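Not measured: the values here are computed from a predicted model. What you see below is based on every heavy atom in this structure, not just the backbone, and it leaves out hydrogens, waters and symmetry mates.
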Amino acid sequence: MESSEEETDGVSGNHAPKELIRLASNGAKFIDEVLNGQNECCLDNFRMDKHVFYKLCDILQAKGLLRHTNRIKIEEQLGIFMFIIGHNLRTRAVQELFRYSGETISRHFNNVLNAIMSISLDLFQPPGSGVPSEIIEDPRFYPYFKDCVGVIDGIHVPVTVGVDEQGPFRNKNGLLSQNILAACSFDLKFHYVLAGWEGSATDLLVFNSAITRRNKLQVPEGKYYIVDSKYPNVPGFIAPYSSTPYYSKEFLSDYHPQDASELFNQRHSLLRHVTDRTFGILKARFPILMSAPSYPLQTQVKLVVAACALHNYIRREKPDDWLFKMYEEGSFPMEEPQPPLEMEVPPKMDVETQTQPSVHTFDSEEIGLASQLRDSIATEMWNDFIHDFPPM
C-alpha cells in the first residue's frame with residue numbers, strides 16, 4: 001500500500017478560503033484568527049459552529065485521544081484535519097499554508113482521524129422504539145409505516161488503489177470506487193455505515209455482509225427499514241413491488257396511482273428521498289468524499305466512517321446547522337436517487353476491504369411473512385386512498 005510520503009500528497013483540489021490565503025504569511029495564527037472571529041468564519045473553514053468545534057476538542061482531550069504538543073494545540077490539530085476534509089485540499093497545500101512539514105501535517109491528520117474513529121460508536125446510535133415524527137406527522141405515511149425506522153441506501157465513493165488492485169474496485173461504470181452502504185434515519189442521521197467494499201461488489205453482497213458480520217446492522221424487533229428494489233423484501237427490510245412502476249420525480253408528483261401496489265411504491269419512494277438529503281449534506285460538508293485521495297486504502301475507508309460520524313455529531317450538537325437547515329427546507333439541488341450506503345460502524349484498525357460474508361438465507365416462511373406485511377400495508381393505504389379519492 002502507498003507510503004506515508006504519498007499520504008502527504010493526499011487530496012486533490014486546492015480550494016482554500018480567502019481568509020487563509022490572506023493569512024498565509026502567518027499561518028500558525030490562522031486557527032486563533034478563525035476561532036476568535038465570527039462564527040461564519042469557523043463554518044467556512046472548519047465546517048461546524050465554534051461551540052461545536054470546541055466541544056469536540058474537549059471530548060477528544062477528555063478521552064485521552066488527543067493532547068497538546070509543544071508546537072501544536074489540539075484546536076490546531078483538529079482545525080487542520082477539518083480544513084483538509086472540508087475543502088478537499090492536498091496536504092502539501094496545507095503544509096505550505098501552515099508552515100509545517102509534510103510529516104507533521106500527515107501525523108496530526110492521522111491522529112485526529114483515529115481519534116474520531118475511536119468515538120464513532122458513540123455517534124452511531126441505533127433507532128429507538130418510537131414512531132419517527134416525520135412519519136407520525138404525515139398522513140401519507142401514518143399509520144401505514146408506523147414501524148419503519150429509516151431507509152437503507154448506498155453510494156459509491158471514489159477510491160485510489162495500486163494498479164495491481166484496481167480490478168475489484170472498478171465499478172460497472174468503469175470507475176474506481178468503494179461501495180458504501182448506510183442506514184439513515186428520517187432526521188438525516190446515519191444509524192449504521194459499512195465502508196470498504198470494492199466497487200465491483202454487488203449491492204446484494206454488501207447488504208448480506210451488513211446483516212451477517214460481527215458488527216452487523218441491527219433492526220429492532222418488530223421494526224423495519226425500507227430499501228429500494230435492488231435489495232430483497234425480507235424480514236426487517238421492505239422493498240417496493242418489483243412488478244410495479246417505481247419511477248422517481250414524475251411518478252411522485254404527477255402520476256395518479258391505479259392500484260394498491262402503485263400507491264405503495266409511490267409513498268415508499270417518497271420516504272426514500274431522505275437518503276438524497278442525507279448524502280447531499282455529507283458530500284457538501286466534506287467534499288473530500290467526492291475525490292479519490294491518494295491515502296492508503298485503509299485511511300480512505302476510515303475517512304468515510306469518520307465523515308459520517310462527524311455528520312451525526314454536528315446534527316446532535318447543532319440540529320439547525322446551516323447545511324441541515326438548507327436541506328430540510330429543500331433549497332438544494334435535487335439529484336437522482338443514490339444507491340444505499342454501506343458502512344460498518346465503525347471499522348476498527350483492521351478495516352476489512354475484501355471479505356466473503358456468510359450468506360444469510362431466509363426460509364420460505366420468513367419471506368412469506370415479509371410479503372404479507374407489505375401487502376397489508378399496501379391494502380390499508382389503498383382502502384383509505386380510494387375512500388378519500390374515489391375513482392372517477
query = Leu310 versus Ile85: any side-chain heavy-atom pair under 4.5 Å?
reply = yes
task = For the pair Val151 and Thr278, evaluate side chain to side chain contact (heavy atoms under 4.5 Å, CB included) and give the outcome as yes or no after the intermediate values.
result = CA-CA 11 Å; Val151 183; Thr278 306; over 6 Å; no
query = Less than 4.5 Å apart, any side-chain heavy atom of Val161 and any of Gln178?
reply = no
query = Which pair of heavy atoms, one from Ile211 and one from Phe237, lies closest together, and at what distance?
reply = CG2-CZ, 3.7 Å
key: Backbone N/O of Ser177 and side chain of Asn171: donor-acceptor pair under 3.5 Å   = no
ask   = If you measure from OG on Ser371 to OH on Tyr241, what distance do you get to the nearest 0.5 Å?
value = 8.0 Å
key: Check: Asp32 and Lys73 side chains under 4.5 Å, non-hydrogen atoms   = yes
key: Contact summary for Ile288 and Pro293, nearest pair of heavy atoms   = O-CD, 4.2 Å
message = Nearest 0.5 angstrom please: Leu35 CG to Phe30 CZ, how far?
response = 9.0 Å
Whether Glu366 side chain and Phe362 backbone form a donor-acceptor pair below 3.5 Å = no
key: Heavy-atom side-chain contact between His51 and Lys318 under 4.5 Å   = yes
key: Distance in Å, Tyr313 OH paired with Lys55 NZ, rounded so as to fall on 0.5 Å steps   = 6.0 Å
request  = Identify the heavy atoms of Ile116 and Ala306 that sit nearest to each other, and give their distance.
outcome  = CG2-CB, 3.9 Å
inquiry  = Centre-to-centre under 6.0 Å for His311 and Phe279, is that the case here?
reply    = no
request  = Indicate yes or no: does Arg267 engage Asp138 in a salt bridge with an N to O separation below 4.0 Å.
outcome  = no
query = Under a 4.5 Å side-chain heavy-atom rule over Ile, Leu, Val, Met, Phe, Trp and Tyr, are Val304 and Leu175 clustered together?
reply = no
task = For Thr69 and Gln77, run side chain to side chain contact (heavy atoms under 4.5 Å, CB included): C-alpha distance rounded to whole Å, both residues' side-chain angles, the deciding distance at 0.1 Å, then the answer.
result = CA-CA 10 Å; Thr69 70; Gln77 296 169 37; 4.0 Å; yes
message = Determine whether a donor-acceptor pair (N or O, by modelled atom type, separation under 3.5 Å) exists between the side chain of Gln300 and the backbone of Tyr295.
response = yes
key: Donor-acceptor under 3.5 Å (Arg285 side chain, Met48 main chain)   = no
query = In the single-linkage hydrophobic clustering (I, L, V, M, F, W, Y; side-chain heavy atoms under 4.5 Å), do Leu303 and Met290 co-cluster?
reply = no
query = Is it true that a side-chain atom of His108 and a backbone atom of Phe81 form a donor plus acceptor pair closer than 3.5 Å?
reply = no
inquiry  = Could you work out, with ring-ring contact (aromatic ring centres under 6.0 Å, His included) as the rule, every residue matching Phe46, not counting sequence neighbours?
reply    = Phe53
query = Should Leu369 and Ile367 be regarded as members of a common hydrophobic cluster, given that ILVMFWY residues are connected when their side-chain heavy atoms come within less than 4.5 Å of each other, either directly or indirectly?
reply = no
task = Locate the shortest heavy-atom distance separating Gln125 from His191; write the atom from each residue and the value.
result = O-CD2, 3.2 Å
request  = State whether the side chain of Tyr54 and the backbone N or O of Glu75 hold a donor-acceptor pair below 3.5 Å, judged by distance alone.
outcome  = no
key: Between CD on residue Gln61 and CG on residue Leu66, distance to nearest 0.5 Å   = 8.5 Å
message = Contact between Tyr225 and Leu217 at the side-chain level, heavy atoms closer than 4.5 Å - yes or no?
response = yes
request  = Take Arg316 and Leu123 through the side chain to side chain contact (heavy atoms under 4.5 Å, CB included) test and state the conclusion after the steps.
outcome  = CA-CA 9 Å; Arg316 184 186 77 186; Leu123 298 173; 3.6 Å; yes
remark   = Output for pair (Leu43 CG, Glu40 CD), nearest 0.5 Å, gives 6.5 Å
ask   = Does Ser376 use its side chain to pair, donor to acceptor, with the backbone of Leu373 at less than 3.5 Å?
value = yes
task = Begin with the C-alpha distance, continue with both residues' side-chain angles, and end with the deciding distance and a verdict on side chain to side chain contact (heavy atoms under 4.5 Å, CB included) for Ile238 and Val227.
result = CA-CA 6 Å; Ile238 293 189; Val227 299; over 6 Å; no
request  = Specify the closest pair of heavy atoms between Tyr231 and Asp203, including all atoms of both residues, with the distance to one decimal.
outcome  = CE2-O, 3.5 Å
Ser200 backbone acceptor or donor facing Arg170 side chain under 3.5 Å = no
ask   = Any side-chain heavy-atom pair from Gln266 and Pro257 closer than 4.5 angstrom?
value = yes
Close side-chain approach of Trp322 to Arg47, heavy-atom, < 4.5 Å = yes
note = On a heavy-atom basis, the closest approach of Lys50 and Val34 is CD-O, 4.2 Å
message = With side chain to side chain donor-acceptor pair (under 3.5 Å) as the test, pick out the partner of Tyr100 among Gln95, Glu76, Arg107.
response = Glu76
task = State whether the side chain of Asn179 and the backbone N or O of Trp197 hold a donor-acceptor pair below 3.5 Å, judged by distance alone.
result = no
inquiry  = Quick check for you: to the nearest 0.5 Å, what is the distance between Ile119 atom CD1 and Phe124 atom CZ?
reply    = 10.5 Å
message = What I'd like to find out is whether the side chain of Ile155 reaches to under 4.5 Å of the side chain of Leu289, using heavy atoms alone.
response = no
ask   = Are Phe145 and Phe264 an aromatic pair by the rule of ring centers under 6.0 Å?
value = yes
inquiry  = Salt bridge check, Arg315 against Glu328: does any charged N sit closer than 4.0 Å to a carboxylate O?
reply    = yes
query = Taking the side chain from Asn110 and the backbone from Ser106, do they hold a donor-acceptor pair closer than 3.5 Å?
reply = yes
query = Under the criterion side chain to side chain contact (heavy atoms under 4.5 Å, CB included), which of Val274, Thr275, Asn312 is the partner of Leu188?
reply = Val274
